[in-house]
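The chains referred to below are lettered A, B, ... by the order of the sequence lines, with proteins before strands, and numbering in each begins at 1. Keep in mind the model is a prediction, meaning the values are calculated, not measured.
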Protein chains: 2
Amino acid sequence: MSRPTIAGVARAAGVSVASVSRVLNGLPATEEMIERVQRAVDALGYVPDSRARSLKVGRTFQLTLAVADVGNPVYVTMMRAVEEVVSAAGYRLVVTTTGPDVVDEVALVRGMARGYADGLLISPIRVDEDLVKSIRECEVPVVVAGNVPAKAGVDTVRANSPKGMLLAVDHLVAKGRRRIAFLNGPADTVPGAARSKGFTEALKAHELQPAAVAEATDFTFAAGRAAAPDLLAAGGVFDALICANDLLAVGLMHELAAAGLEVPRDVAVVGMDDSELAEQSFPPLTSVNLGSAERGRRAAELLLARIEDNERAPRRIVVQPSLSIRRSTP
Amino acid sequence: MSRPTIAGVARAAGVSVASVSRVLNGLPATEEMIERVQRAVDALGYVPDSRARSLKVGRTFQLTLAVADVGNPVYVTMMRAVEEVVSAAGYRLVVTTTGPDVVDEVALVRGMARGYADGLLISPIRVDEDLVKSIRECEVPVVVAGNVPAKAGVDTVRANSPKGMLLAVDHLVAKGRRRIAFLNGPADTVPGAARSKGFTEALKAHELQPAAVAEATDFTFAAGRAAAPDLLAAGGVFDALICANDLLAVGLMHELAAAGLEVPRDVAVVGMDDSELAEQSFPPLTSVNLGSAERGRRAAELLLARIEDNERAPRRIVVQPSLSIRRSTP
DNA sequence: ATCGTTCTTGTAATCGTTTACAAGCCCGAC
DNA sequence: GTCGGGCTTGTAAACGATTACAAGAACGAT
C-alpha cells in the first residue's frame with residue numbers, strides 16, 4: 001500500500017529495474033519495452049523519488065535565491081525574472097530570506113555544502129571578508145547579484161548606481177531643481193555605500209552642493225518615515241529629494257504630505273529600483289530603474305552556465321540603468 | 001580534493017562510520033570518541049550530505065509554500081509568518097508560485113509525490129474537483145490556507161470573509177455612507193466567490209442595495225485600474241467603495257484621483273487583506289485584516305503537527321477578521 | 001573465577017535510484 | 001556455418017548517509 005518503487009514497477013512489468021529506469025529517462029529501448037513499462041507505471045501510479053535520484057546523480061535540481069527581505073518589492077521583480085529562467089531550465093527555486101545580518105548570509109552560504117541545492121544566487125546587502133571567503137570556498141556554484149570584490153572569483157551581476165544617480169540628478173536639474181536632498185539607507189551596506197558615492201559624484205558633475213543628507217536605519221518603508229524629521233529639520237531648503245530605494249521614498253512621501261509639502265510642486269521625489277511599488281504609489285513615483293528584472297535574468301543565466309561548466313572564467317556583468325519618469329517629478 | 005564523506009571522516013578518525021554518524025547525531029558515545037570524531041570533522045571540513053540523509057531517513061526537511069502570485073503583498077505577510085514557524089522547527093521553506101490556473105496547482109500537488117518536500121502548504125485561488133482529489137491523494141501532508149470542501153479531508157485555515165465584509169460595511173455606514181459599491185476580483189475564484197457573497201449579505205444586514213458592482217479580471221493593481229471605467233460609468237452614484245483586496249483598491253484609487261474624486265471626501269475606500277501596501281498607499285488604506293499572518297502561522301503549525309502524526313483528524317480553523325482603520329475612510 | 005549486564009563500537013544491510021559492464025540476441029558478411 | 005558488430009536487456013555496484021544487530025569490553029555480583 002505504500003509508495004511503489006522502481007523495483008515494484010520492474011516486477012509488475014516483468015522487466016529489470018535498469019530497463020524501467022532507461023525508459024523513464026528516455027534512453028533507447030524497443031517499442032514493446034516502452035509499452036510494458038509505461039503500462040506498469042500507470043497501473044501503479046509510480047513516481048520516481050527525487051531524493052534517491054538526487055543522491056545518485058549528485059544534483060537536486062533546486063537552486064536557491066537568497067534575498068535580504070521578501071517585503072522589498074524590488075526582490076519580487078528579481079524573483080520573477082529568476083524563476084522564469086530557472087524553471088525553464090527544469091529547476092525548482094528555493095527562496096530564502098537572510099535578513100540584514102552578514103553572519104546569516106555567511107551561515108547560508110556555508111550551509112550550501114549540505115548539498116540541498118545545485119547553486120546559489122545571492123543578493124547580499126552587507127559584505128565582509130567572511131562572506132567573500134565563504135563564497136569562494138562554497139561547494140556549489142554561486143552567483144552574486146550585487147557588488148563583491150573581484151577577488152571573490154565569482155560571477156556577478158550588478159547595477160550601476162552612480163550612473164543611475166546621475167540620471168536622477170540630470171532629470172531634476174533639467175526640471176529646474178537645484179536644491180537636491182538625499183535619503184540613503186544604511187551606509188554600511190553595499191547599496192548604501194554605492195548610492196552615497198553616486199549621489200556625491202552626480203552632484204559634483206552638476207557643480208551642486210547637497211541640500212540635505214540623511215541616512216535611514218534600513219531600506220524599509222518604516223525607516224523612510226522615521227528618517228523624515230532629520231530631513232525636515234533642515235526646513236524647506238530642498239526642492240528635490242532622491243531616495244536610495246522606493247520603499248524609503250514612499251515612506252518619506254507620507255511624511256512630506258503630513259508636513260504640508262506637496263509632491264512634486266514643493267518637492268520632487270525620485271526613488272530607486274523602479275519596483276511595482278513605484279507605479280502603485282501616489283503620486284506614482286519617478287524611479288531609477290536599476291534593471292532588477294534584467295539583473296535577475298542575467299544572474300540566473302550565469303548560474304545555469306556555471307553549473308554546466310564550473311571551469312569557465314568568472315564574468316562580471318554590469319546592467320545599465322534607465323529612468324522611469326512618473327508624476328512625483330514635474 | 002573532493003568533498004569528504006562520512007567514510008573519509010571515519011578513516012581519518014580511525015573509527016567506524018557508524019560511530020561518526022552517532023556522534024554527529026548526538027547519540028551516546030564516550031568523551032574520547034566524540035573528541036576524535038570532532039577533530040576529524042573539523043580537520044576535513046566535513047558537512048553531511050543532506051541528499052543521502054534524506055534518502056535514508058525519508059525526510060527532506062523542506063516544506064513547500066505555494067501561492068498564486070508573489071507580487072501580492074498579502075502573501076508576503078503570510079510567508080513571513082510561515083517562515084518563522086517552520087524555520088524554528090528546523091525546516092527550510094520552498095516558496096513556489098502557481099499562477100492563476102488550477103491546472104498548475106494540480107500539477108504542483110501531484111508533483112509532491114516526488115518527495116522533495118515533507119509537506120505542502122497551499123493557498124489555492126481556484127478550486128475544482130481535480131484539485132480536491134489530488135490533495136486527498138497527495139503523498140505528503142497538505143494544509144490548505146483557504147476554503148476547500150470538508151470532504152477533501154484536509155487541514156484548513158481560512159478567513160472569515162463575510163464577517164470581514166460586515167466590519168467594512170458597518171464602518172462605512174457608521175460614517176454615514178449609504179451608497180456602497182463593490183469591486184470584486186474574478187468571481188470564479190474562491191476568495192472572489194466568498195467576498196461577493198459576503199458583500200451581498202452585509203448590505204442586506206443593513207437593508208441597503210449595492211450602489212454598483214464590478215468584477216476585475218484579476219487580483220492585481222493593473223486589474224484594479226482597468227476596472228475603473230465600469231464603476232465610474234455609474235457616475236457619482238456611490239460614496240463608498242469596498243475592494244476585494246488591497247491591490248485592487250490601490251489601483252482603483254489611482255483612477256478615482258484621475259477622475260477628480262477625492263478619497264475619502266467623495267468616496268471612502270476600504271481594501272481587504274490589510275497588507276503592507278495598505279499602510280504604504282496614499283492615503284493610507286482602511287483595510288479588513290483577514291488575519292493573513294495568523295493564518296500563515298496556524299497553517300504552518302497544523303502542517304508540522306500533521307507531519308508528526310498523520311492520523312489525527314483534520315482540523316478546520318477559521319481566523320476572525322478585524323478592521324484596520326486608516327485615512328481612506330472618514 | 002565465572003557469569004550476566006550494560007555500555008560502547010563495528011559490520012553490514014538498507015533507502016531508491018542510475019549506470020558501468022557483461023551477456024544475450026539478431027543479423028549480415030564472409 | 002561461423003564470426004563479428006550492433007542492439008537490447010539484465011546484473012550488480014555505486015551514491016552517502018542511518019541504524020539493526022552482533023560482538024567485544026568493562027564491571028559487579030555471586
Side-chain angles (χ1 to χ4, degrees), chain A residues 1-38 40-41 44-62 90 111-118 139-140, chain B residues 1-38 40-41 44-62 90 111-118 139-140:
Chain A
M1 193 55 246
S2 87
R3 240 182 105 172
T5 71
I6 198 172
V9 175
R11 213 174 312 118
V15 301
S16 74
V17 293
S19 297
V20 177
S21 174
R22 275 188 289 256
V23 169
L24 262 36
N25 291 300
L27 296 170
T30 57
E31 274 308 315
E32 198 219 330
M33 174 64 79
I34 296 179
E35 171 75 9
R36 292 176 72 167
V37 170
Q38 207 52 260
V41 164
L44 299 179
Y46 168 75
V47 182
D49 185 317
S50 67
R51 294 181 291 251
R53 180 155 209 278
S54 288
L55 173 58
K56 183 60 191 175
V57 305
R59 309 172 94 191
T60 57
F61 296 95
Q62 280 192 165
M112 294 305 293
R114 303 185 70 92
Y116 54 76
D118 300 339
E139 306 274 342
V140 302
Chain B
M1 193 54 245
S2 87
R3 240 183 105 172
T5 71
I6 198 172
V9 175
R11 213 175 310 119
V15 301
S16 74
V17 293
S19 297
V20 176
S21 174
R22 275 188 289 256
V23 169
L24 261 38
N25 290 300
L27 295 169
T30 58
E31 276 307 317
E32 199 218 330
M33 175 64 80
I34 296 179
E35 170 75 11
R36 292 176 70 167
V37 170
Q38 208 52 260
V41 164
L44 299 179
Y46 168 75
V47 181
D49 184 316
S50 67
R51 293 181 292 250
R53 180 155 209 279
S54 287
L55 173 59
K56 182 60 189 173
V57 305
R59 310 173 92 190
T60 58
F61 296 94
Q62 281 191 165
M112 294 304 293
R114 303 186 69 93
Y116 53 76
D118 301 339
E139 306 274 341
V140 302

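Of the candidate nucleotides dG10(C), dT18(C), dA17(D), dA17(D) has the atom nearest to the side chain of Y46(B). Picking from dT9(C), dT18(D), dA12(D) the nucleotide with the shortest atom distance to the side chain of V17(B) gives dT18(D). Comparing dA12(C), dA17(D), dT9(D) by their closest approach to the side chain of T30(A) singles out dT9(D). Of the listed nucleotides (dA17(D), dT18(C), dG10(D)), dG10(D) has the atom at the smallest distance from the side chain of M33(A). With dT8(C), dG16(C), dT18(D) as the choices, the nucleotide that has an atom nearest any side-chain atom of V57(B) turns out to be dT18(D). Relative to the side chain of A52(B), the nucleotides dA17(D), dT9(D), dA14(D) differ in distance, and dA17(D) lies closest. When distances run from any side-chain atom of P48(A) to the nucleotides dT8(D), dT18(D), dT17(C), the shortest one goes to dT17(C).
Formation of a donor-acceptor pair under 3.5 Å by the D49(B) side chain with backbone atoms of R51(B) is found in this model. Listed for the R3(B) side chain is a donor-acceptor partner under 3.5 Å among the backbone atoms of A113(A). Side-chain N or O atoms of R22(B) include none that pairs as donor or acceptor with a backbone N or O of L27(B) at under 3.5 Å.
What separates CZ of R59(A) from C1' of dT18(C) is a distance of 14 Å, to the nearest Å. Rounded to whole Å, the distance from CG on L27(A) to P on dA20(C) is 10 Å. What separates CG of D49(A) from C1' of dC15(C) is a distance of 9 Å, to the nearest Å. Computed from coordinates, the F61(B) CZ to dT18(D) P distance equals 10 Å when rounded to whole Å. Rounded to a whole Å, the CD1 atom of I6(B) is 13 Å from the C1' atom of dG10(C). E31(B) has its CD atom 16 Å from the P atom of dC7(C), to the nearest Å. When the P atom of dG16(D) is taken as reference, atom CG of L44(B) falls 14 Å away, rounded to whole Å. Regarding R51(B), its CZ atom lies at a distance of 24 Å from the P atom of dT14(C), rounded to whole Å.
Atom OG of S54(B) sits about 14.0 Å away from atom OH of Y116(B), to the nearest 0.5 Å. To the nearest 0.5 Å, atoms CG (L44(B)) and CD1 (I6(B)) are separated by 12.0 Å.
Counting atom types as modelled, R22(A) pairs a side-chain N or O with a base atom of dG10(D) as donor and acceptor under 3.5 Å.
Between A18(B) and A29(A), it is A29(A) whose nearest contact on DNA chain D lies nearer the 5' terminus.
Nucleic acid contact class of S21(A) (heavy atoms, under 4.0 Å, all strands): base. Among the protein residues, T5(B) comes within range of the sugar-phosphate backbone only, with heavy atoms under 4.0 Å from sugar or phosphate atoms but none that close to a base. Among the heavy atoms of the strands, none lies under 4.0 Å from A7(A).
Contact check for N25(B) versus R53(B): side-chain heavy atoms found under the 4.5 Å cut-off.
Residue S19(A) has a polar side-chain atom (N or O) positioned under 4.0 Å from OP1 or OP2 of dG10(D).
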